[in-house]
Amino acid sequence: MPPKIPGSPLPATLPARQYGLGVALFLEAAERFSFYGMLSILLIYLLDIRGLPAPQANLFVGSFNALALVSTLLGSRLGEALLGPTRTVLYGCLIQFTALVLLGLSTTWPMLFLPATATIAVTNGLTRTNMAMLVLRHATKERSADGLATLYTFAVNLGAMFSFLLVPWIGKRYGYAIAFGICATGLFLGAITALLNRHSLGGEPQGGTTTNRAGERPDAGQAVPRAMGEIGLVALFYWIILNFPAGGHWIFWIVTSAIPVFWTVLWHNATVTERPGIILCLILVAEAMFYGIFDEQTTSTFVLYALHNLNRQFSLGGITLFQLDAPQIVAINAGLTMLIGPAFVALYRFLDKKFGTVALSTKYACGSLFIVIGFLILYMNTAGPASGLRAPWGMFGAYAAISVAGLIMNGLGLSVIMTYLAPRVRNMSVAVYYISTGVAMYGGSVLANTMGIRHLHTTASVRDSLSIFHTFFQGFTLLAAAGAVMIILLLPVLRILEKRTRPIPTHQDRYKENETAPN
């Protein structure tokens, strides 16, 4: 008899594992639908309803994105030490559902807006880190971490694509309250499905998965109140920060300083054989942070560009194929990522069979080149006479290039951790990875304001705004090119480290080896 999945009556057979993976991916798609649906209209909501100027609204969105990723540290702690991944995800979905309802009510009672957005930023950390672990725990010799990371990215962008298309359309025609309510409804349906099938996700011991110094797990009756207390304190802290988004730069520097401390402690506690993998992981995470600077622009600066200077009617041969509102333009990124994702899974399998496993460092270098291509397209799109709206196909091409870069650099960030770090530090490392990308995204919003967005005003003419965006895309193209050159120059160093690093097997790998070993 094969062993049972912990906390589940089902044996750990391949169909049971596949069913659990399907439930996890469905919940991730539903949760991302709600989160990105809210995010898709947040910038426009701040401009139209809250009356914020474009630079301040851009900085608020950057602060929110950064806090949403910093909160993965809390999610990692709750998932590892108090509640376990499955219960942390389900509690996070319940709290996020409540916050989305309050966000819808904030259109009538504005005082609810900041507490609701702060709470959503917190719950993103509860769900994101632990959902990634629920998906990646299915890694085996037959199902690589690369492939699972790509499937995870597919689920994320499946939810994001539908939310970016649907929620702004509803918000424009039926009001923001209904739009936020749709986000809450989508999350509710996903959470109910997961709750009814929670055993297939994999259970954890009551009170978490780790023990205290006495070798005891926290009591289940104490774990939930402690977790709720920590969530409440962090939400209060986020509320204070979002009240003063310009003060977010202090958080930026504090968190930035804490990241090296984590890697230093990790290095100090590692064995000699683990240290080359830590160096390799650190460099690749830094490269993923580089991507985060540019990824931040896809939901903020790109939307502002579409709002001011883009003809959003997609036409061929004089025939209009479809039209998108400015917030909906981000759906191109999510949709292309979702469509390209399965092709990347097939490509990785083909390359692995034909040439052997392609090094993650090589994939990252390729991804950096697509960042350059994406911003170069928009730089060229904004060149020429500063009159009239620009054709939307340039934006489509830029999003296509950024989508490929995201699949390579962002989608494989989790694979880096699963491949090169020991199992005992993976959960916390996933949180630090998300925190690192959150810091990069906040830095991207500050950099965008510095490189021209601060001069953008609601009443700016088409000529003036186009000049601002042309200068902006020129600067970001040069920055992307400089980063790509640096990443390519680092390849020889990474190749040496890869030869000295032995990929660390997952728990499922060991299970598979034991399963096939002779008695």
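What you see is a predicted model; the values in this text were computed from it and never measured.
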Start with the C-alpha gap between L158 and F33, add the side-chain angles, then the distance that decides, and say whether side-chain contact (heavy atoms from CB on, under 4.5 Å) holds. CA-CA 8 Å; L158 177 65; F33 173 88; over 6 Å; no
In short, A398 meets G374 closest at the heavy-atom pair CB-O, 3.3 Å
Are the side chains of R390 and M395 in touch, meaning some heavy atoms are under 4.5 Å apart? no
Kindly indicate whether the side chain of L102, heavy atoms from C-beta on, has any atom under 4.5 Å from the side chain of P115. no
Any side-chain heavy-atom pair of R226 and L78 under 4.5 Å: no
Rounding to 0.5 Å, atoms OH (Y36) and OG (S163) come to a distance of 9.0 Å
Determine whether the side chains of N124 and R32 contain a donor N or O and an acceptor N or O closer than 3.5 Å. yes
Do F476 and Y379 pass the ring-ring contact (aromatic ring centres under 6.0 Å, His included) test, and can you show the C-alpha distance, the side-chain angles, and the key distance before you say yes or no? CA-CA 9 Å; F476 265 69; Y379 168 63; over 10 Å; no
Is L284 close to S361 at the side-chain level, that is, under 4.5 Å between some pair of heavy atoms? yes
Derivation of the side chain to side chain donor-acceptor pair (under 3.5 Å) call for Q96 and S34: CA-CA 9 Å; Q96 186 170 315; S34 73; 2.9 Å; yes
Kindly check if the number of other-residue, nucleotide or ligand heavy atoms within 6.0 Å of CE (M228) is above 12? yes
Is the F97 to F188 ring centre distance short of 6.0 Å? yes
Can F64 and F60 be said to form a ring-ring contact (aromatic ring centres under 6.0 Å, His included), step by step? CA-CA 6 Å; F64 174 84; F60 185 96; 7.2 Å; no
For atom CE of M380, decide whether the heavy atoms of other residues, nucleotides or ligands shown that lie under 6.0 angstrom number more than 12. no
Without hydrogens or angle criteria, can the side chains of E296 and S445 be said to hold a donor-acceptor pair below 3.5 Å? no
Using 0.5 Å steps for rounding, measure from the CD atom of Q297 to the CD1 atom of I371. 11.5 Å
Is the OH atom of Y176 crowded by more than 12 outside heavy atoms at less than 6.0 Å? yes
Can you confirm whether W263 is buried at CH2, in the sense that more than 12 heavy atoms of other residues, nucleotides or ligands lie under 6.0 Å from that atom? yes
Check: F164 and I329 side chains under 4.5 Å, non-hydrogen atoms: no
Matching residue for V89 among T123, L94, N130 - test: side-chain contact (heavy atoms from CB on, under 4.5 Å): N130
To the nearest 0.5 Å, what is the distance between OG1 (T185) and CG (L100)? 9.5 Å
Are the ring centres of Y305 and F473 closer than 6.0 Å? yes
Side chain to side chain, F113 and P110, heavy atoms closer than 4.5 Å: no
Just how far is it from atom CG of L73 to atom OG of S76, taken to the nearest 0.5 Å? 6.5 Å
Run E28 and R128 through salt bridge (Lys or Arg N to Asp or Glu O under 4.0 Å) and show every step you take. CA-CA 8 Å; E28 176 63 10; R128 194 159 189 179; 5.7 Å; no
Evaluate the side-chain proximity of F294 to L479: yes if any heavy-atom separation is below 4.5 Å, no if none is. yes
Apply side chain to side chain donor-acceptor pair (under 3.5 Å) to residues D464 and S461 and explain how you reach the verdict. CA-CA 5 Å; D464 291 341; S461 66; 3.2 Å; yes
Would you say F262 has more than 12 foreign heavy atoms packed within less than 6.0 Å of its CZ? yes
To the nearest 0.5 Å, what is the distance between OG1 on T127 and CG on L90? 11.0 Å
Evaluate the side chain to side chain donor-acceptor pair (under 3.5 Å) criterion for residues N333 and S403: first the C-alpha distance (whole Å), next the side-chain angles of each, then the deciding distance (0.1 Å), finally the verdict. CA-CA 6 Å; N333 186 22; S403 296; 2.7 Å; yes
Taking the six-membered ring for Trp and the single ring otherwise, decide whether the centroids of F302 and F375 are under 6.0 Å apart. yes
Measure the spacing between CG of L378 and CZ of F472 and express it to the nearest 0.5 Å. 9.0 Å
For this output row, return yes or no: ring centroids of Y291 and Y364 closer than 6.0 angstrom. no
side-chain contact (heavy atoms from CB on, under 4.5 Å) assessment of T117 paired with Y238: CA-CA 9 Å; T117 51; Y238 282 10; over 6 Å; no
Apply side-chain contact (heavy atoms from CB on, under 4.5 Å) to V61 and L39, showing your working. CA-CA 8 Å; V61 173; L39 187 60; 4.3 Å; yes
Between S40 and P327, what is the shortest heavy-atom contact and its length? O-CB, 3.2 Å
Looking at K172 and D325, does any basic side-chain N land under 4.0 Å from a carboxylate oxygen? yes
State, yes or no, whether a side-chain contact exists between I231 and I95 at a heavy-atom distance under 4.5 Å. yes
